[in-house]
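Read the structure below first, then the notes.
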Amino acid sequence: MKKGFITLAIGEHYCKLAENLFRSYKVFSDDTIPFWVITNSEGETRLRKIFDGVIVLDNYYGTFLDKIWIY
């Protein structure tokens with residue numbers, strides 16, 4: 001089984017927080033574990049330059065229901 005991290009960032013505010021999370025992880029860890037983000041299209045372009053992978057949601061609620069739907 002391959003290990004990795006994934007985070008959910010819907011909206012510009014959460015995209016910025018996800019970017020900060022990723023950068024902090026890279027500063028304080030020597031691991032090469034892949035780090036992906038699930039997002040809407042608002043921060044997609046910027047996040048593609050940073051994260052190892054980006055999944056863009058076509059349909060999203062913008063609430064906690066996104067986490068339930070993805071699960």
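Small disclaimer: the values here were computed from a predicted structure and weren't measured. For the numbers below, each heavy atom of this structure counts, side chains included, while hydrogens, waters and symmetry mates do not.
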Can you check whether [X] reaches [Y] side chain to side chain, under 4.5 Å on heavy atoms?
X   : Y   : answer
E19 : V37 : no
R46 : K16 : yes
V54 : W36 : no
Y25 : F5  : yes

Checklist entry - I10, I6: one ILVMFWY side-chain cluster at the under-4.5 Å cut-off? => result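 Linked within one cluster.
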Next on the checklist: Hydrophobic clustering (ILVMFWY, side-chain heavy atoms < 4.5 Å, transitive) - are F35 and V56 grouped together?
Outcome noted: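 Same cluster: V56 reaches F35 through Ile, Leu, Val, Met, Phe, Trp or Tyr contacts under 4.5 Å.
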At what distance, to the nearest 0.5 angstrom, does [atom1] of [X] lie from [atom2] of [Y]?
X   : Y   : atom1 : atom2 : answer
N40 : L8  : CG    : CG    : 9.0 Å
I38 : T7  : CD1   : OG1   : 8.5 Å
I50 : L21 : CD1   : CG    : 11.5 Å

Checklist entry - Aromatic rings F51 and F22: how do their planes relate, parallel, tilted or perpendicular, breaks at 30° and 60°? => result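 Correct class here is tilted.
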Item to check | For E44 against T39, the heavy-atom pair lying closest together | outcome: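 What the structure gives for the nearest pair is CA-CG2, 4.5 Å.
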